[in-house]
Amino acid sequence: MTKVLIATEKAFAAKAVEGIKKIFTGVGFETIMLENYTDPNDLVQAVANVDALIIRSDKANRQVIEAGKSLKIIVRAGAGYDNIDLAAATEKGIVAMNTPGQNSNAVAELTFGMLVFMARANFKGGSGTELKGKKIGIHAYGNVGKNVARIAKGFDMEVFAFDPFVSKETIQKDGVTVVGSVEELYSTCDYISLNIPATEKTKKSINFDLLSKMPKGATVINTARKEVIDEEGLKAFFAAKSDFKYISDIAPDCHDELLQFGNRYYSTPKKQGAETSEANINAGLAAANQIVDFIKNGTKTFQVNK
Ligand code: 3PG
């Protein structure tokens, strides 16, 4: 019998788990749950005899992959797959997939919760500013970026984007102004929504020089990954620019040091961009269906280690 392990340090909503189990039961697969675990060794042990693995931000590192003696497929129920050791998976002939787009609305909605929070003096009662007429820069224009653009227009913001991997026409079709460089995006916009993945190229790419391009009173919203920020540059920029604001859904390593900047800095205690019942259902069920389609038919759509 095909065994599927769902390993989620941050458990899916109950409805999502119910739906996933239903899919697997329907095709005669066994579902094994490892939820809310705190010791990574629990995952190493639990993966030993399973054929398939569903994870969220859980780390499928080399140790986990090598422990999965029968493992054929890992699906990251979500967008970013920087938590999977792709080289190790490829070496072992394991297919790695993500479920693109399934939780992007949830992340985009949180972006605006964060934006309003920062614009309204952290809900502490002071006078704030409105979003209407302000310029937002979307860096980059994937599934989350596209949703950020849609919502931004509802706030009557001017929307700009930079993404070298998406055609100008695709972005313009959404009524978004395409800028020619990342520097231009930062120098144009009052708000920057970070929607880039963490790759070797993007890690630490948001640095002092780039932040320096931003206009007075600018805010950066990070719902992507903490690794894309050059934290030394971020700290230095906070100290140098008394009107700069940064809000993140993934606490930087220098979180404690940034607390001294008061209302100008905020981080959620735990990443919650995709923490909605809808996103859990969308991503969780997509992951389950992708596993069934792979095991039964060999379908490899959304494979990321090609
Ligand atoms: C993603 O890459 O899909 C998001 O960062 C969500 O991550 P999570 O499933 O761990 O909340």
Side-chain angles (χ1 to χ4, degrees), residues 4-17 19-20 33-38 40 42-43 53-61 64 74-86 89 96-114 138-148 151 163 165 193-203 206 220-229 247-252 267-291 301-305:
V4 186
L5 174 67
I6 302 175
T8 46
E9 282 172 325
K10 217 169 49 183
F12 285 129
K15 274 204 160 172
V17 176
I20 294 169
M33 300 299 300
L34 177 67
E35 288 181 311
N36 303 316
Y37 63 97
T38 48
D42 291 352
L43 174 53
L53 172 65
I54 295 179
I55 51 172
R56 295 185 63 181
S57 288
D58 309 72
K59 291 203 172 18
N61 55 23
V64 168
I74 301 171
V75 182
R76 194 283 190 239
Y81 46 87
D82 46 311
N83 51 327
I84 304 177
D85 186 330
L86 295 181
M97 293 183 186
N98 66 346
T99 64
Q102 300 293 345
N103 58 20
S104 48
N105 182 65
V107 179
E109 286 190 12
L110 182 74
T111 303
F112 283 86
M114 291 177 138
I138 301 175
H139 184 195
Y141 208 74
N143 290 309
V144 177
K146 201 175 165 62
N147 276 291
V148 170
I151 301 170
D163 191 329
F165 303 104
S193 174
L194 279 177
N195 304 117
I196 47 176
T199 64
E200 285 322 306
K201 259 203 156 155
T202 63
K203 281 179 189 168
I206 313 304
V220 172
I221 306 108
N222 187 359
T223 57
R225 291 290 182 271
K226 70 174 182 184
E227 290 81 2
V228 302
I229 300 284
I247 182 161
S248 181
D249 189 30
I250 333 93
S267 174
T268 52
K270 207 171 181 185
K271 189 165 77 149
Q272 59 185 56
E275 280 297 82
T276 65
S277 176
E278 292 89 339
N280 289 174
I281 291 169
N282 292 343
L285 269 55
N289 284 322
Q290 286 171 215
I291 286 173
T301 315
F302 305 125
Q303 181 175 3
V304 291
N305 61 334

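Numbering starts at 1 and runs along the sequence shown. First listed ligand is number 1; within each ligand, the first listed atom is number 1.
Closest protein heavy atom to atom 4 (C) of ligand 1: Lys271 NZ, 3.7 Å. Summary of contacts: the protein heavy atom closest to atom 9 (O) of ligand 1 is Arg56 NE, 2.9 Å. Counting only heavy atoms of the protein, atom 6 (C) of ligand 1 lies nearest to Ala274 CB, 3.6 Å.
Atoms of ligand 1 found under 4.0 Å from any heavy atom of Lys10, numbered from 1 in the order shown, are 8 (P), 10 (O), 11 (O). Taking a cut-off of under 4.0 Å to the non-hydrogen atoms of Ser57, the atoms of ligand 1 that pass are 7 (O), 8 (P), 10 (O). If you number the atoms of ligand 1 from 1 as listed, the ones under 4.0 Å from a heavy atom of Gly80 come out as 1 (C), 2 (O), 3 (O). Applying the 4.0 Å criterion to heavy atoms of Gly78 picks out, from ligand 1, the atoms 3 (O).
The pair Glu9-Lys270 fails the salt-bridge criterion, with no side-chain N (NZ, NE, NH1 or NH2) lying under 4.0 Å from an Asp/Glu carboxylate O.
Ligand 1 lies within reach of Arg225, whose nearest heavy atom is under 4.0 Å from it. Every heavy atom of Gln102 sits 4.0 Å or more from the atoms of ligand 1.
Here the straight-line distance linking atom CG of Asp58 with atom CG of Leu43 works out to 6.5 Å at 0.5 Å rounding. One finds the OG atom of Ser57 at 7.5 Å from the CG atom of Asp82 (value rounded to the nearest 0.5 Å). Atom CE in Met97 sits 15.0 Å away from atom CZ in Arg76 (nearest 0.5 Å).
Minimum interatomic distance between Ala198 and Glu227 (heavy atoms only, all atoms of both residues): CB-CB, 4.3 Å.
The shortest N or O to N or O distance between Ala79 and ligand 1 is under 3.5 Å.
Residue-level proximity to ligand 1 for Glu275 is absent, since no heavy atom of it falls below 4.0 angstrom. Using a 4.0 Å cut-off between heavy atoms, Asn103 contacts ligand 1 through its side chain alone, with no backbone atom that close.
Asn105 has its side chain out of reach of Glu278: every pair of non-hydrogen atoms, C-beta onward, lies at least 4.5 Å apart. Contact of the Ile74 side chain with the Ile55 side chain is registered, since non-hydrogen atoms from C-beta on lie closer than 4.5 Å.
Residue Lys10 qualifies as enclosed at atom NZ: its count of foreign heavy atoms under 6.0 Å is above 12.
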